[in-house]
Amino acid sequence: MAKILKNLIPFFLVLSTICSLPTLSSAKKNHGFSRTISPAKLGLEQEKLSHLHFYFHDIVSGRNPTAVRVADALMTNTSLTGFGAVVMIDDPLTVRPELSSKLVGRAQGIYASASQTEVGLLMVLNFVFMEGKYNGSSLSVLGRNSVFSAVRELPIVGGSGLFRFARGYAHASTHTFDLGSGDAVVEYNVYVYHY
Ligand SMILES: *[C@@H]1O[C@H](CO)[C@@H](O)[C@H](O)[C@H]1NC(C)=O
Ligand SMILES: *[C@@H]1O[C@H](CO)[C@@H](O)[C@H](O)[C@H]1NC(C)=O
């Protein structure tokens, strides 16, 4: 095994030299680490404000859950708030409250119970859109979600594609919550500035 690795080392050295050649030549052209450019150079024109409206389906039950608990704080008394629990999600986003309505994107990321005194979630996720011109663009959310409040506000901290330079906020309000299954449908109104 060690011998095989030894023989491979020269091969990797040659490979990495070849791979770094184009980078070396382009670095020669531009030694600078940072410079100021005009927004027009990136095709950035007038900033606009968009309002997006959709329903978020958090499916924890059944054979095909879209929200899966991946960690728990087993060493501590997690109490009633589930403090320490971490859930990975790939939740569908639809235009209407019914799951069968048109899919416009998915919410991919994590929510975790971050409060010891109430149900307060840390949400770290991307809204990945599939609808029309937004297909492939995403918005990044990083915020706090106290799920039993009527309306929760979550910051939009950035985005990609059509949402480059995005900033704004999302208002989340529970549309339905099934106490038996734990499944929830949450209405989202998102307001973002972007180009
Ligand atoms: C765990 O938390 C519950 C609810 O707050 C409390 O009633 C219970 O006494 C706690 N148990 C321990 C071992 O600390
Ligand atoms: C979104 O883009 C992907 C990949 O480019 C493509 O396969 C898919 O059909 C598109 N979906 C819609 C709804 O336009």
Side-chain angles (χ1 to χ4, degrees), residues 15-16 18-23 26 30 37-70 86-112 121-145 147 151-178 181-195:
L15 193 71
S16 59
I18 293 170
C19 291
S20 60
L21 278 178
T23 336
S26 60
N30 179 11
I37 62 168
S38 77
K41 204 149 190 177
L42 292 181
L44 304 176
E45 288 155 20
Q46 187 62 45
E47 201 175 27
K48 51 184 171 285
L49 179 64
S50 293
H51 173 205
L52 308 170
H53 177 246
F54 50 80
Y55 292 85
F56 167 111
H57 299 263
D58 197 53
I59 306 163
V60 298
S61 69
R63 265 186 297 168
N64 298 306
T66 60
V68 177
R69 192 178 277 227
V70 294
V86 178
V87 178
M88 195 86 209
I89 64 167
D90 183 8
D91 284 350
L93 307 174
T94 60
V95 281
R96 300 202 308 125
E98 300 80 33
L99 183 56
S100 57
S101 66
K102 189 180 170 71
L103 185 74
V104 292
R106 307 193 73 88
Q108 299 178 334
I110 289 169
Y111 61 75
L121 304 179
L122 164 70
M123 312 269 296
V124 187
L125 58 89
N126 294 307
F127 290 135
V128 185
F129 297 101
M130 296 159 186
E131 169 61 13
K133 65 175 179 177
Y134 297 110
N135 190 12
S137 296
S138 66
L139 285 174
S140 299
V141 177
L142 173 59
R144 178 169 191 277
N145 186 354
V147 296
V151 182
R152 291 85 72 182
E153 184 169 318
L154 306 166
I156 304 290
V157 297
S160 72
L162 279 188
F163 292 121
R164 285 173 188 162
F165 290 101
R167 63 196 199 288
Y169 64 93
H171 273 167
S173 49
T174 303
H175 180 266
T176 48
F177 177 61
D178 186 324
S181 66
D183 293 349
V185 179
V186 182
E187 181 177 7
Y188 270 83
N189 278 288
V190 178
Y191 301 90
V192 276
Y193 275 114
H194 63 105
Y195 286 93

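Read the numbers this way: they start at 1 and go in the same order the structure lists the ligands and their atoms. The figures that follow rest on heavy atoms only: side chains count, while hydrogens, waters and symmetry mates do not. Predicted model only: the values in this text are computed from it and were never measured.
At least one side-chain heavy atom of Thr174 sits less than 4.5 Å from a side-chain heavy atom of Arg152. Contact check for Phe54 versus Phe127: side-chain heavy atoms found under the 4.5 Å cut-off. Annotation: side chain of Leu52 is in contact with side chain of Leu139 (closest heavy-atom distance under 4.5 Å).
Within a 6.0 Å radius of OH in Tyr195, other residues, nucleotides and ligands contribute more than 12 heavy atoms.
Ring to ring, Tyr55 and His53 are close: their centroids are under 6.0 angstrom apart.
Within 4.0 Å of ligand 2, counting heavy atoms only, the contacting residues are Met130, Asn135.
Judged by distance alone, the side chains of His194 and Ser50 do bring a donor and an acceptor atom under 3.5 Å apart.
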